[in-house]
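Structure first, then comments.
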Amino acid sequence: MSNFLTTDKRTQYCAQVNISDMGNEVILMGWAHRRRDHGGVIFIDLRDRTGIVQVVFNPETGKDVHTEAHKIRSEFVLAVKGVVRKRPAGMENPALKTGEIEVLVSDLEILNESKTPPFSFDEEDISENIRLKYRYLDLRRPAIQQNLFLRSKLAAATRNYFNDNGFIEVETPFLTKSTPEGARDYLVPSRISKGMFYALPQSPQLFKQLLMISGFDRYYQIVKCFRDEDLRADRQPEFTQIDVEMSFITENDIINIMEGLMAEIFRHCLNRELPLPFPRLGYFDAINRYGKDNPDVRFGLELTDLTNILRESNFKLFREVIAKGGVVKAIKLDNTSTLSRKELDDLRDYVSIYGAKGLAWARVNAADWTSPIYKFLSTEEVGNINKQVSASAGDIIFFVADVPRVVHDSLGNLRLHLAKKLKLYKPDDLSFVWITEFPLMEYSEAEKRYVSMHHPFTSPYNEDLSGLTTSPDKVRARAYDLVLNGSEIGGGSIRIHRKDIQNQVFSVLGLSDEEARSKFGFLLDALEYGAPPHGGIAFGLDRLTMIMTGAESIRDVIAFPKTQKAACLLSDAPSKVSIEQLMELSLKIV
RNA sequence: GGGGUCGUAGUUAAGUUGGUUAUAACGCCGGCCUGUCACGCCGGAGGGCGUGGGUUCAAGUCCCAUCGGCCCCGCCA
């Protein structure tokens with residue numbers, strides 16, 4: 001009888017057994033993935049994190065072991081000892097990495113039994129509430145395990161890259177101070193200071209700037225961040241950033257080093273070489289051409305501005321929108337598989353999500369258009385539009401007329417929608433693009449004031465400084481986002497390192513001196529003690545992992561994710577706490 | 001805060017215009033089977049349709065409310 005675990009140690013992982021082990025005795029541990037009991041011989045597919053190997057129990061070669069094997073059910077935890085042998089001719093299983101061989105078991109210990117699992121690990125479409133409730137079982141599925149292995153490699157590649165380039169990883173506090181601007185904070189009540197709260201960091205922004213002021217010069221951290229906002233397929237309330245800050249640099253230094261990071265990550269994790277440098281696109285170009293500041297540049301289908309052509313149009317709808325300051329833009333679908341009337345209606349419904357009141361379309365023919373708006377347009381206008389969008393027979397043009405924001409939102413998203421529907425890109429295409437020259441601020445109708453587009457510590461362009469008080473929305477920020485396949489995977493900026501400019505920015509943002517002092521006085525103080533010019537960036541590790549694994553949901557790259565209501569179905573968080581706990585914190589539920 | 005969608009055995013699904021004891025596959029349990037790999041064959045046990053109201057002679061099917069999963073808008077970098 002073997003003494004598994006203590007003296008008889010596992011010799012290798014299941015899927016590592018191969019033809020070179022033939023004749024050797026191996027010791028394996030894992031889960032009973034599937035059992036095929038032929039009355040005589042019993043086959044078990046033994047599974048661990050590497051995969052599956054077939055182990056065989058034969059009554060002729062091991063009567064007792066065979067009897068014991070009858071007890072094995074799905075997901076029992078097993079230790080087996082046996083000799084590796086080639087499978088009989090014709091019995092190989094090419095679907096299995098270990099399909100050439102099998103292990104004839106001479107010794108078996110059932111290390112643990114298992115209840116019948118609530119779902120099969122083979123099935124793809126188990127409802128997500130069941131999966132999340134039994135997440136520890138869901139995580140036995142190879143597909144999700146692979147995602148987490150890749151995530152781990154990504155983190156390792158990141159640490160290696162930064163360590164090799166003279167960066168220091170510094171941890172910053174999770175219990176910190178609530179700051180205005182940006183997302184809603186998660187709050188943590190203080191027991192010692194009644195009525196006071198910590199906030200979990202939305203990002204370590206201020207601390208990494210302080211580290212620059214301290215002279216660390218090159219900092220990075222792989223760190224959890226918390227934002228109490230509504231969830232999406234690519235957004236969780238707690239998520240992980242690759243956070244970076246550097247001193248004595250410009251945008252180009254950051255961009256170069258980060259391109260190196262991306263190249264290293266893709267080389268190490270996917271064995272893919274990225275062409276460097278990545279293209280750059282100004283914010284306004286991105287909006288005008290793609291309707292979004294996170295454009296997917298894997299395909300064309302760009303927006304074309306028709307406002308000037310249609311300004312004097314007899315078509316009242318277009319003319320009036322333009323007269324009121326709106327725009328008319330279009331995207332053109334090349335000689336495409338024709339879209340049915342139903343599909344065109346669905347597209348109209350689709351853009352209505354983004355506030356578009358309609359979606360005009362035109363099928364381009366050799367001499368005219370088939371279009372509901374054809375009769376409203378002059379021959380000259382139709383000709384000009386055809387020319388402007390480079391239309392030829394068979395193409396379809398889509399038009400939206402509205403205020404710029406609605407036009408860009410609806411056409412920008414329609415563009416993505418069409419590309420996905422018509423498969424205008426390959427699944428493994430990778431298109432990086434830097435978006436630069438963001439506006440520093442934009443006017444918020446809701447708050448009746450200017451708000452930072454990035455955050456209030458972002459440096460304006462030097463040459464735009466004079467406009468800070470006169471036309472704040474014209475001032476460009478020294479900010480940059482990295483976009484991959486239409487997903488914003490990172491963003492950062494050169495920071496303000498001079499107190500006078502920081503104060504000016506606060507003032508334009510409508511933050512009084514007292515407010516600024518009470519919210520982040522510590523940063524303002526620090527800026528007075530020799531703050532070096534500095535800047536940084538942060539990448540969304542979860543989103544990057546999503547793209548690299550092809551995951552459709554951020555939940556598939558996080559071991560224990562939360563539902564759309566920010567609940568953990570496994571642990572049942574959030575949950576009520578005892579009245580004693582509340583009293584200790586001087587809290588009352590209202 | 002809003003829009004959409006889904007919720008029927010352990011799982012995945014079907015369930016006609018409301019009409020007898022609610023279907024199927026897989027899984028599970030028992031029996032048989034020495035080469036399978038989604039093993040096979042025979043037999044069996046599981047649910048009252050997310051929850052609570054209502055309409056009706058009659059509700060899984062209709063109505064209202066509510067809970068939960070997912071997608072999206074707003075929000076969020």
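Lettering follows sequence order; numbering is per chain, from 1.
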- Query: If the P atom of B:C26 is compared with that of B:C70, how far apart are they to the nearest Å?
  - Reply: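 B:C26 and B:C70 have their P atoms separated by 30 Å.
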- For B:U5, the Watson-Crick or wobble partner whose two distances fall under 3.5 Å: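 Across any shown strand, B:U5 pairs with B:G69.
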Can you tell me the distance, in whole Å, between the [atom1] atom of [X] and the [atom2] atom of [N]?
{"X": "A:Asp122", "N": "B:C39", "atom1": "CG", "atom2": "P", "result": "9 Å"}
{"X": "A:Phe76", "N": "B:C28", "atom1": "CZ", "atom2": "P", "result": "11 Å"}
{"X": "A:Ile72", "N": "B:C39", "atom1": "CD1", "atom2": "C1'", "result": "16 Å"}

- Task: Would you mind building the protein contact string for nucleotides 1-14 of chain B? One character per nucleotide, 5' to 3', B for base within reach (heavy atoms under 4.0 Å), S for sugar-phosphate only, - for untouched.
- Result: B--------SSS--
- Item | Pair of N/O donor and acceptor under 3.5 Å linking B:C70 base with A:Arg555 side chain |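 Under the 3.5 Å cut-off, the side chain and the base do not form any donor-acceptor pair.
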- Item | Short N-O contact, A:Arg36 and A:Asp45, less than 4.0 angstrom |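 So A:Arg36 pairs with A:Asp45 through a salt bridge.
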- In B:G46, glycosidic geometry as syn within 90° of 0 or anti otherwise: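 B:G46: syn.
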- Query: When you check the glycosidic angle of B:G48, does it come out syn, meaning within 90° of 0, or anti?
  - Reply: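 Here the answer is syn: the torsion falls within 90° of 0.
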- Shortest non-hydrogen separation from A:Pro404 to A:Val327 and the atoms involved: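 Shortest heavy-atom separation between A:Pro404 and A:Val327 comes out as CA-CG2, 3.9 Å.
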- Task: Would you check if the side chain of A:Ser178 reaches a backbone N or O of A:Ala199 as a donor-acceptor pair within less than 3.5 Å?
- Result: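 Checking the backbone N and O of A:Ala199 against the side chain of A:Ser178, no donor-acceptor pair under 3.5 Å is found.
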